[in-house]
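Keep in mind that this is a model prediction, so the values were computed, not measured.
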Amino acid sequence: MISAGLRHQKTVAFLVAVLTILGVWSYTTTPASIFPDMSFARIDVVADAGNLPPDQVRIAVAVPLQRAFLGLPSVTHVVSTSSQGSAEFIVSFDPKTDVRFDLQYVNQAISQTQSVLPPDASVQAVIINPNSEPVVSYALQSTTLSQTVLRELAEQSLVPQFYGVPGLARMLLVGGPQREYHLTLDPAALSTHGLSASDVAKAIADTNMVSALGIQQQFYQRNVIVLDANVRSISAIAHIMVPDANRGAVQVGDLGSVTLGVAPLTTQVSYNAQHAVVMNFFALPGADAVKMGAAVDAKMNAIAAALPAGVSVNRYWDQTDLVVSSQKSLRDAIMIGAILAVLVILVFLRNLRITLVTA
């Protein structure tokens, strides 16, 4: 082999050059992630049912969905778990099926079952894969803003700025109670006007809406006429009119008191022993997690400089650190192994030309 290589030096040099170029190209273009890109024939379904107790969740949500999933093609078994306000399903299919088609079947079953579920129930289905963990996570804390306002700042100002980051699939906010308006009704006032709590709730729901009424065209310009009746303050809720049994109308403020509050806490996050709002960033399947994490970190650093006084951003989890460290260890192992191989050949063969060819 050595003599053949020496007789065809140009061919060997050409092959080595081609392989080197292909190796460098594949190293720079292959997506880097902590786990390989693979998926299983399983779909994870999560149904949010508000504040229903576990028994009601099982009867009103879990049973109808489970029956719908069991009737899908190639389903092997369905495992459901009901808890306070939510139900989770693991729908397993035949391993020979395409998981993308399995997801479509599951979404169709959810759409067909939506009519028999509680009105406020929301159901989401995702493909189970090893890369379901966030790539990077940041903790937002403030010494001047409440947790509710801090979460609204993240939702309205920070999240939209990350749209379009290459490789970013979705963002998830955790922590911080959401703003709510609490209406405490007076039973005597309701009885006087012949109303019930459901009548007041229906009037508020019918008023809190945004709809397009029509189009106005003038001077080659087309303007959309929009009716924006979104409720944004205590005063707006108090002035909503509720039709009563006497064919009249009464304001919500005359039926009870409206106060500003927060939704009941279901999750809480702490960072360095202080409450925080966490932003989690997830990568697309097959995306380069290292490049995505670097792009998110660069944008977050630019955003952090413009945040209000007293608001801090701390990166507490970065999956790409493990990937980069693994790449560096692999690089060092290859270099050390190559150097040792060349030294062994030089010491035992004592031929500089063969050593250079091997190198």
Side-chain angles (χ1 to χ4, degrees), residues 20-40 42 44 46 99-100 103 124 126-142 150-151 153-176 267-307 311-338:
T20 302
I21 294 173
L22 291 176
V24 173
W25 175 81
S26 63
Y27 180 80
T28 55
T29 57
T30 301
S33 181
I34 193 170
F35 292 115
D37 182 23
M38 60 181 181
S39 58
F40 307 99
R42 296 180 184 174
D44 184 20
V46 178
V99 69
R100 294 170 297 179
L103 180 61
Q124 292 184 343
V126 295
I127 299 173
I128 296 179
N129 60 75
N131 294 325
S132 59
E133 297 298 323
V135 176
V136 287
S137 299
Y138 296 86
L140 277 68
Q141 294 179 313
S142 176
L150 185 62
R151 182 185 177 93
L153 173 67
E155 288 179 337
Q156 301 172 11
S157 299
L158 272 65
V159 169
Q161 299 188 52
F162 289 95
Y163 293 149
V165 172
L168 179 62
R170 63 188 178 96
M171 292 166 280
L172 178 64
L173 286 177
V174 183
T267 58
Q268 185 64 275
V269 181
S270 295
Y271 174 78
N272 282 346
Q274 295 182 354
H275 292 322
V277 176
V278 168
M279 296 182 65
N280 296 313
F281 296 84
F282 298 82
L284 287 168
D288 192 317
V290 176
K291 292 182 180 179
M292 191 220 80
V296 169
D297 191 57
K299 188 173 287 291
M300 183 63 80
N301 291 335
I303 294 173
L307 289 176
V311 178
S312 61
V313 180
N314 302 281
R315 185 182 62 182
Y316 70 90
W317 166 250
D318 191 346
Q319 188 184 96
T320 63
D321 289 342
L322 302 175
V323 180
V324 173
S325 299
S326 177
Q327 289 176 328
K328 291 180 178 179
S329 299
L330 179 61
R331 178 202 61 193
D332 295 342
I334 292 175
M335 294 299 297
I336 293 173

Search all heavy atoms of [X] against all heavy atoms of [Y] and return the closest pair with its distance.
X    : Y    : result
V311 : S142 : CG2-OG, 3.7 Å
Y271 : A276 : CB-CB, 4.2 Å
A295 : V165 : CB-CG1, 3.9 Å
T267 : G175 : OG1-N, 4.0 Å
A304 : V313 : CB-CG2, 4.3 Å
L168 : F162 : CD2-O, 3.5 Å

Under 3.5 Å: donor-acceptor pair, side chain of [X], backbone of [Y]:
X    : Y    : answer
Q319 : A289 : no
S157 : A154 : no
Q141 : Q274 : yes
S325 : D321 : yes

To the nearest 0.5 angstrom, please state how far the [atom1] atom of [X] sits from the [atom2] atom of [Y].
X    : Y    : atom1 : atom2 : value
R170 : L284 : CZ    : CG    : 10.5 Å
R331 : S329 : CZ    : OG    : 8.5 Å
D318 : F281 : CG    : CZ    : 11.5 Å

Compare all side-chain heavy atoms of [X] with those of [Y] and state whether any distance is below 4.5 angstrom.
X    : Y    : answer
V136 : D297 : no
Y316 : V278 : yes
L140 : L158 : yes
M279 : L173 : yes

All pairs passing salt bridge (charged side-chain N to carboxylate O under 4.0 Å, His left out) where residues 154-169 contributes a residue, at least two apart: R151-E155
Neighbour count above 12 (heavy atom, 6.0 Å) for Q124 CD: no
